[in-house]
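Below, chain A is the first sequence line, B the second, and so on; all start at residue 1.
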Amino acid sequence: MSIIKNIKEAVVQSLHELYEGEFNEGNFQINQTKPEFEGDYTIVLFSLVKSLKKSPEEIGQELGNKLVNKYPDLFSGFNLIKGFLNLSITDQYWINLLVKNHQDICFGKQAMNGKKVMVEYSSPNTNKPLHLGHLRNNFLGWSVAEILKANGFEVLKSCIVNDRGIHICKSMIAWQLFANGETPSSTEKKGDHFVGDYYVKFNDEYKRQVAELISNGISEKEAEKNAPIMMQTQQMLQDWEAGKSEVIELWRKMNSWVYEGFDSTYLSIGSDFDKTYYESNTYLLGKDIVQEGLDKNVFNRKEDGSVWIDLTADGLDEKLVLRKDGTSVYITQDIGLAKQKYDEYKIDQSIYVIGDEQNYHMKVLKLIAQKLQLPYADDIYHLSYGMVELPTGKMKSREGTVVDADDLVEEMIATAKHHTEELGKVKDFDSEELSQLFKTIGLGAMKFYLLRVDPKKKMIFNPEESIDFHGFTGPFIQYTYARIKSILRKETATQQSTFNERLLPAEKELIFNLEQFPTVIIESAAELNPSVIANYLFHLAKSYNSLYAELSIANAESIEKKNLRLQISMMTSNVLKSGLQLLGIQVPERM
RNA sequence: GGUUCGGUAGCUCAGCUGGAUAGAGCAUCAGCCUUCUAAGCUGAGGGUCAUUGGUUCGAAUCCAAUCCGAAUCACCA
């Protein structure tokens, strides 16, 4: 049980004994005591003033005395400043916590709760390589999955590959027109980049044709519709849907190039999936649901045969769910896939890691599922995250203004190499160990950079200023870990369990912070927000570095202090490691 | 235009279920390696929390209006 919970219960119990009336944890607020005052936790008394009809000072005195007398193992004293009751926790409480948990590498993790969750993330289009925005998505999805596991959920990571549609055909047409039979292997290009280049080529040619048509006196709208390359692409999509064998063959070939490229990117960034869905297999799903919706009068059919749902009463619009030609649209497929996931895995919750540009779409999806009274409707959750933008604005694949994922990974690893070599601390590493270290640090920096920000908020990435390795960063925390391990390789904490010397402020601060780790894990899961963990780990590492600079560990002033600090060090390293693991970041034993 | 989200230090971000003098990192400046890894530590400067009004003992936080920015509102995905 967390200390805050302990304190709250003690306060509620004390209030009951002191005063008439009903009390619960919502009647007062508990905060960390500000550093300028003495104490560890503070009860804010103002909210009790009205119901008790006493002054804050009176309540504070009575409650403070009661708490200290009734719970001498928990509280060592109190002081009262205005309406704030500052409580000091006994050293013994902190020491017990440390002794009990310092060796537990699972500290903070919850027992299995029997619930099953699917987290869908990544979900790339197969016409272009992954970029920085996809990285945010991948790291977020992976991290959220780990955080849920730490909270006792069984988690399935899934991915829907958008492997069909007009965008793929654009790359295919451009390849047919301009490639002269070139392939990734003939050009020694990574497959996804190779295909992406033709996507850009398509747009260049398309723009050229549109401009030409306009100069021939055709309106812009007409030109965009009738540019030959666009008409060829539309035709190709129809051929694909009709199953025309040359088109299917080309489609398979180009997608296989892309998958080869994706596999290597996923491997390097550490993304993996338990289940991969392909849109080419799921795009026909959902049609049976349309009939169900018509039967239930949730949907209505228009004269031309198209099927709609009216969501205007819910503040949204009328949405199409089936085209007049009988084919299903995006939202229909998604409802179908949602059902398939549920039927296949009996999941209790379905989380979709998708950018906030699709907020409206996901709202519609959930609303339709609810109106159809599908059993899983309420368990659909859109984990919406903000776009990664450049100082110049949004990234646009078709205009080539993107930060490529592979390039960035490579750059981060190179930067890690550069810093490491400059510092020259690992000259005895062999080349295998070195490349592993550069990767750990480079990826650590990148993942931390993208996860330390609240997912809901859009973030700006400036390619001119490379991602930092100092301060509020992954390498800072990794470095703290490596420092601790360096001590722990030379010194071992003995199993001392009673400490008589008073805790120094730096020592107490560390244990105080360590105590919060389980609460932080719970909070990050409740909010589906890895940045909660990132912020916590930074704060913890900072505290440790302060202690490290201020106090000697190996040469402590007494054996007792040495053991105490070794135990603190051990527990800190465990928490840093498992916390970073929840962010998908590895730790080096030395750096 | 409707809906939704955002605006906190020069820059990037915490804090937002109301609490004490609004915090970090980067950048700038000043110190600290004969002692456990200086990717570190200590300190300084830097703020009209977009604006205005309201609720409250108390507002960056809640409410309203205004200004600015973004997303979205396709028989595209």
Between A:Arg164 and A:Asn255, a side-chain donor and acceptor under 3.5 Å: no
Value in whole Å for how far the P atom of B:rC76 lies from NZ of A:Lys225: 12 Å
Parallel, tilted or perpendicular: ring planes of A:Phe469 versus A:His419, cut at 30 and 60 degrees: tilted
B:rA59 versus B:rC49 - spacing of their P atoms, nearest Å: 13 Å
Near-ring test A:Phe512/A:Tyr41, centroid separation under 6.0 angstrom: yes
Any side-chain heavy-atom pair of A:Lys366 and A:His382 under 4.5 Å: no
Side chain to side chain, A:Ile7 and A:Ile43, heavy atoms closer than 4.5 Å: yes
Centroid distance under 5.5 Å and plane angle under 30°, A:Phe46 vs B:rG19: yes
For atom OH of A:Tyr360 and atom C1' of B:rA71, their distance in whole Å: 13 Å
Atom C1', compared across B:rA38 and B:rC62: separation rounded to whole Å: 46 Å
A:Lys366 NZ - B:rU4 C1' separation (whole Å): 16 Å
Stem regions touching RNA chain B, defined by at least 3 consecutive Watson-Crick or wobble G-U pairs below 3.5 angstrom: B:1-7 with B:67-73, B:10-13 with B:23-26, B:28-32 with B:40-44, B:50-54 with B:62-66
Touch class at under 4.0 angstrom, heavy-atom based, for A:Ser546 against every strand present: sugar-phosphate
Syn or anti conformation of B:rC49, syn meaning chi within 90° of 0: anti
Phosphate-side-chain proximity, A:Arg301 and B:rC75, N/O vs OP1/OP2 below 4.0 Å: no
Rounded distance in Å between the P positions of B:rG47 and B:rU8: 15 Å
Of the listed nucleotides B:rG25, B:rA20, B:rG40, the one nearest the side chain of A:Phe476: B:rG40
Distance-only polar pair, side chains of A:Asp454 and A:Ser531, donor-acceptor under 3.5 Å: no
Touch class at under 4.0 angstrom, heavy-atom based, for A:Thr420 against every strand present: base
Over-ring placement of A:Lys302 relative to A:Trp308, 6.0 Å and 45° cut-offs: yes
Rounded distance in Å between the P positions of B:rG18 and B:rA60: 14 Å
Side-chain (A:Glu120) to main-chain (A:Ile354) donor-acceptor, under 3.5 angstrom: no
N/O (side chain, A:Ser384) to phosphate O (OP1/OP2, B:rC5) under 4.0 Å: no
Separation of B:rU3 C1' from A:Leu367 CG (nearest whole Å): 13 Å
Nearest-angstrom distance, P atom, B:rA50 to B:rC16: 16 Å
Touch class at under 4.0 angstrom, heavy-atom based, for A:Glu279 against every strand present: sugar-phosphate
Name the pairs: protein N/O against N/O of nucleotides 8-16 of chain B, kept only if under 3.5 Å.
unit_1: B:rC13; atom_1: OP1; unit_2: A:Ile460; atom_2: N; d: 2.9
unit_1: B:rA14; atom_1: OP1; unit_2: A:Asp454; atom_2: N; d: 2.9
unit_1: B:rA14; atom_1: OP2; unit_2: A:Lys457; atom_2: NZ; d: 3.1
unit_1: B:rC16; atom_1: N4; unit_2: A:Lys457; atom_2: NZ; d: 3.3

Touch class at under 4.0 angstrom, heavy-atom based, for A:Phe469 against every strand present: base
Under-3.5 Å donor-acceptor pair between A:Asn86 side chain and B:rA20 base: yes
Parallel, tilted or perpendicular: rings of A:Phe202 and A:Tyr206 (30°, 60°): parallel
Touch class at under 4.0 angstrom, heavy-atom based, for A:Gln29 against every strand present: base
Between P of B:rC76 and NZ of A:Lys319, the distance in whole Å: 11 Å
Sidechain-backbone polar pair: A:Asp317 side chain, A:Lys319 backbone, donor-acceptor under 3.5 Å: no
Evaluation steps, salt bridge (charged side-chain N to carboxylate O under 4.0 Å, His left out), between A:Glu433 and A:Arg590: CA-CA 10 Å; A:Glu433 289 170 317; A:Arg590 289 176 57 195; over 6 Å; no
Any A:Lys324 side-chain N or O less than 4.0 Å from OP1/OP2 of B:rC75: no
A:Ile467 side chain near A:Thr415 side chain, heavy-atom distance below 4.5 Å: no
Between N or O atoms, less than 3.5 Å apart, protein on one side and nucleotides 31-38 of chain B on the other: list the pairs.
unit_1: B:rC36; atom_1: O3'; unit_2: A:Lys490; atom_2: NZ; d: 3.4
unit_1: B:rC36; atom_1: O2; unit_2: A:Ile553; atom_2: N; d: 3.3
unit_1: B:rC36; atom_1: O2; unit_2: A:Ala554; atom_2: N; d: 2.9
unit_1: B:rC36; atom_1: N3; unit_2: A:Ile553; atom_2: N; d: 3.0
unit_1: B:rC36; atom_1: N4; unit_2: A:Tyr548; atom_2: O; d: 2.5
unit_1: B:rC36; atom_1: N4; unit_2: A:Leu551; atom_2: O; d: 2.5
unit_1: B:rU37; atom_1: OP1; unit_2: A:Ser486; atom_2: OG; d: 2.7
unit_1: B:rU37; atom_1: OP2; unit_2: A:Ser486; atom_2: OG; d: 3.2
unit_1: B:rU37; atom_1: OP2; unit_2: A:Lys490; atom_2: NZ; d: 3.2
unit_1: B:rU37; atom_1: O5'; unit_2: A:Tyr548; atom_2: OH; d: 3.4
unit_1: B:rU37; atom_1: O2'; unit_2: A:Tyr479; atom_2: OH; d: 2.3
unit_1: B:rU37; atom_1: O2'; unit_2: A:Arg483; atom_2: NE; d: 3.0
unit_1: B:rU37; atom_1: O2; unit_2: A:Lys425; atom_2: NZ; d: 2.7
unit_1: B:rU37; atom_1: O2; unit_2: A:Met591; atom_2: O; d: 3.4
unit_1: B:rU37; atom_1: N3; unit_2: A:Met591; atom_2: O; d: 2.8
unit_1: B:rU37; atom_1: O4; unit_2: A:Met591; atom_2: N; d: 3.2
unit_1: B:rA38; atom_1: OP2; unit_2: A:Arg483; atom_2: NH2; d: 2.5

Sugar-phosphate, base or nothing in reach of A:Asn359, heavy atoms under 4.0 Å: nothing
5'-most by nearest nucleotide on RNA chain B - A:Asp325 or A:Lys82: A:Lys82
Nearest-angstrom distance, P atom, B:rA9 to B:rU56: 30 Å
Distance test, side-chain N/O of A:His470 to OP1/OP2 of B:rG40, below 4.0 Å: yes
Validation row: A:Tyr481, A:Glu589 side chains within 4.5 angstrom (heavy atoms): yes
Aromatic plane relationship, A:Phe476 with A:Phe538 - under 30° parallel, 30 to 60° tilted, over 60° perpendicular: tilted
Whole-Å P distance, B:rA71 and B:rC29: 38 Å
Candidates B:rG19, B:rC41, B:rA20 - which lies nearest the side chain of A:Thr33: B:rA20
Rounded distance in Å - CD1 (A:Ile477) to C1' (B:rG25): 12 Å
Sugar-phosphate only, base, or nothing, as touched by A:Thr480 at under 4.0 Å among non-hydrogen atoms: nothing
Rounded C1' spacing from B:rC13 to B:rC75 in Å: 43 Å
Distance under 6.0 Å and angle within 45° of ring axis: A:Lys341 vs A:Tyr352: yes
A:Asp334 CG to B:rA77 C1', straight-line distance once rounded to whole Å: 9 Å
Comparing A:His167 and A:Lys394 on RNA chain B - which has the more 5′ nearest nucleotide: A:Lys394
